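All remarks here apply to the structure that follows.
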Amino acid sequence: MRTCKIGALEVSALGLGCMGMTWAYGATDEAESRRALDVARELGVDFFDTAEVYGPHTNEELLGRHFAGRFGELKIATKFGFAIGGPGGTVASAARGLDSTPANVRRACEGSLRRLGVETIDLFYQHRVDPAVPIEDTVGAMAALVQEGKVRELGLSEASAQTLRRACKVHPIAALQSEYSLWERNVEAEILPTCRELGVTLVAYSPLGRGFLAGKTDRPAEGDFRASLPRFTEENRAANQRFVDAVAAVAERCAVTRAQVALAWVLSKGVAAIPGASKVAHLRDNVAAAALTLPASELRFLDAECAPGSAAGSRYGEAAARWIDRT
């Protein structure tokens, strides 16, 4: 498994996004998810991503139960930044808004440490930038946790280049997590170059377009988070089929799967990626991408066929889109 650096951490370049193991994409199967976690370790994955809001709390609790006594082998990333409400099937139903006040930073960290059953969180992200709290105040509170040994490295998620620069003046930011895939390339204009300039590792979430690029193009089932996303309306799914067709063409020529093509393209950009997988078969398929190097001609083909900004539909609905930092 190839690796990459996130601050002082060395992690598998292809990690595992754990959200879907307990939440968001319909029915869950803990036994199968736990098998997937074990297979991930067998295949060299040591970078696992979770968050307080996933459930809320149930995702961290699953990792805490499953990896009890084995966290020394792993690098765990978790996230804070929401005022947590009751359980539900969407971020909006679990979160009552943003809260990155210093008091909530500390509260969230203590809760995550308890649920995971660890003394130190390897990578602690602000899940969404809170416009009501200066980023300097939030990162200052996060930095205090580093000084206390409760956190190793700091990260931001869906932060703008300007916010990232301000944050880095307070304390080194090791990672910026943003959505990045063949149908979501907006980070390439400013955010990815800024990360490279500042020595921040971009961690790509939803690198498979929430499964769409791997061929999961059917209408999302009731209770599936994707049903709330504009790109998954019937009209937009039909318009976005061309992304799947482009990936499928490369997969056929290279004798690999569509998921492997989409992930290999993301990894070719020099970033880390955390595709989600709650089934062993999907996990094995994804991990194989870490060993795949696409020919330069195929990368150029994908770049041209999947141009930035060409996907039909916004990636989030109106409510969740307000939580994306654009300043």
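Remember, it's a predicted structure, so these values are computed and weren't measured experimentally.
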Ring pair (Phe, Tyr, Trp, His ring centres under 6.0 Å) assessment of Phe124 paired with Phe80: CA-CA 8 Å; Phe124 195 46; Phe80 74 91; 4.8 Å; yes

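- Summarising the geometry of Gly313 relative to Arg231, their closest heavy-atom pair is O-NE, 2.8 Å, with the distance given to 0.1 Å.
- Taking both residues in full, the closest heavy atoms of Ile191 and Ala161 are given as CG1-N, 4.1 Å, listed atom of the first, atom of the second, then distance.
- When the shell of 6.0 Å around NZ of Lys169 is examined, it contains 12 or fewer heavy atoms from other residues, nucleotides or ligands.
- For Glu30, the salt bridge (charged side-chain N to carboxylate O under 4.0 Å, His left out) partners two or more places apart in sequence, or in a different chain, are Arg34, Arg65.
- Side-chain contact of Tyr205 with Glu158: a donor-acceptor pair under 3.5 Å is present, judged by distance alone.
- No hydrogens or angles considered: a donor-acceptor pair under 3.5 Å links the side chains of Thr233 and Asn236.
- Between Lys75 and Glu10, no side-chain nitrogen of the basic residue sits less than 4.0 Å from a carboxylate oxygen of the acidic one, so the salt-bridge criterion is not met.
- Between the side chain of Arg70 and the backbone N or O of His66, at least one donor-acceptor pair lies under 3.5 Å.
- When ring centroids are compared, Phe301 and Trp265 stay outside the 6.0 Å threshold.
- With rounding to the nearest 0.5 Å, the separation of CD1 in Ile274 from CG in Leu16 is 9.0 Å.
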Chi angles and distances behind the side chain to side chain contact (heavy atoms under 4.5 Å, CB included) call for Trp23, Asn59: CA-CA 8 Å; Trp23 184 69; Asn59 208 254; 5.7 Å; no

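- Inspection of the Ser100 and Gln126 side chains reveals an N or O donor paired with an N or O acceptor under 3.5 Å.
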CA sep, side-chain torsions, deciding dist, call: Val203, Leu176, side chain to side chain contact (heavy atoms under 4.5 Å, CB included): CA-CA 6 Å; Val203 178; Leu176 176 64; over 6 Å; no

Side chain to side chain contact (heavy atoms under 4.5 Å, CB included) evaluation trace for Glu305 with Val247: CA-CA 9 Å; Glu305 292 295 311; Val247 171; over 6 Å; no

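- Tracing side-chain contacts under 4.5 Å through hydrophobic residues (I, L, V, M, F, W, Y), one never reaches Leu98 starting from Val133; they form parts of separate clusters.
- A heavy-atom distance below 4.5 Å is found between the side chains of Phe67 and Leu74.
- Of the inter-residue distances, the one linking Phe212 atom CZ with Asp218 atom CG reads 9.5 Å to the nearest 0.5 angstrom.
- For the pair Thr293 and Leu267, the minimum side-chain heavy-atom distance is 4.5 Å or more.
- A pairwise comparison of heavy atoms in Ser314 and Pro230 identifies O-CB, 3.4 Å as the closest pair.
- Atom OG in Ser228 sits 13.0 Å away from atom CD in Glu318 (nearest 0.5 Å).
- Rounded to the nearest 0.5 angstrom, Ile84 CD1 and His57 NE2 are separated by 5.5 Å.
- Judged by distance alone, with hydrogens and angles left aside, the side-chain atoms of Asp46 form a donor-acceptor pair with the main-chain N or O of Ser12 at under 3.5 Å.
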Chi angles and distances behind the side chain to side chain contact (heavy atoms under 4.5 Å, CB included) call for Leu208, Ser181: CA-CA 6 Å; Leu208 293 174; Ser181 70; over 6 Å; no

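- Side-chain contact between Leu14 and Arg2: absent, with no pair of heavy atoms (C-beta onward) separated by less than 4.5 Å.
- Between the side chains of Glu60 and Thr78, at least one donor-acceptor pair of N or O atoms lies under 3.5 Å.
- A side-chain N or O of Ser310 and one of Arg242 form a donor-acceptor pair less than 3.5 Å apart.
- A salt bridge does not link Arg219 with Glu234: none of the charged nitrogens is closer than 4.0 Å to a carboxylate oxygen.
- Atom CD1 of Ile121 and atom OG1 of Thr50 lie 10.5 Å apart (nearest 0.5 Å).
- Nearest heavy atom pair, residue Pro308 against residue Glu188, reads CG-OE1, 3.9 Å.
- Looking at Asp49 and Lys79, a side-chain N of the basic residue comes within less than 4.0 Å of a carboxylate O on the acidic one, giving a salt bridge.
- Closest approach of Leu283 and Val39 over heavy atoms only: CD1-CG1, 3.7 Å.
- Residues meeting the side chain to side chain contact (heavy atoms under 4.5 Å, CB included) test with His171, sequence neighbours left out: Val139, Ala143, Val146, Leu154.
- Salt-bridge annotation for Lys150 and Glu110: present, with a side-chain N of the basic residue lying under 4.0 Å from a carboxylate O of the acidic one.
- One finds a salt bridge joining Glu148 and Arg106 here, because a Lys/Arg side-chain nitrogen approaches an Asp/Glu carboxylate oxygen to under 4.0 Å.
- Checked by atom type, the side-chain pair Arg237/Asn240 shows no donor-acceptor distance below 3.5 Å.
- The shortest non-hydrogen separation linking Ala159 to Val129 is CB-CG2, 3.7 Å.
- With respect to the salt-bridge test (charged N to carboxylate O, under 4.0 angstrom), the residues Asp303 and Lys269 qualify.
- Between Arg258 and Glu252 there is no salt bridge, since no side-chain nitrogen of the basic residue lies less than 4.0 Å from a carboxylate oxygen of the acidic one.
- Using a 4.5 Å cut-off on side-chain heavy atoms (C-beta onward), Asp130 and Arg128 make no contact.
- A cation-pi geometry, defined here as NZ or CZ lying under 6.0 Å from the six-membered ring centre and within 45° of its normal, holds between Arg226 and Tyr25.
- Atom OG1 of Thr163 sits about 5.5 Å away from atom CZ of Arg166, to the nearest 0.5 Å.
- The backbone N or O of Gln177 sits less than 3.5 Å from a side-chain atom of Ser157, completing a donor-acceptor pair.
- Checking side-chain atoms of Asn104 against main-chain N and O of Asp99 turns up a donor-acceptor pair under 3.5 Å.
- Side-chain atoms of Leu294 and Cys254, non-hydrogen and from C-beta on, do get closer than 4.5 Å to each other.
- Side-chain contact between Val271 and Val266 is present, with heavy atoms from C-beta onward closer than 4.5 Å.
- Residues Glu184 and Ser206 fail the side-chain proximity criterion, which asks for heavy atoms closer than 4.5 Å.
- Using a cutoff of 4.0 Å between basic side-chain nitrogens and carboxylate oxygens, Glu32 and Arg35 are scored as salt-bridged.
- The backbone N or O of Ala259 lies less than 3.5 Å from no partner atom in the side chain of Asn286, so there is not a single donor-acceptor pair.
- Ring-plane geometry between Tyr316 and Phe225 is classed as tilted, the angle between the planes lying from 30 to 60 degrees on a 0 to 90 degree scale.
- For the pair Thr28/Ser278, no side-chain contact is recorded, criterion being any heavy-atom separation below 4.5 Å from C-beta on.
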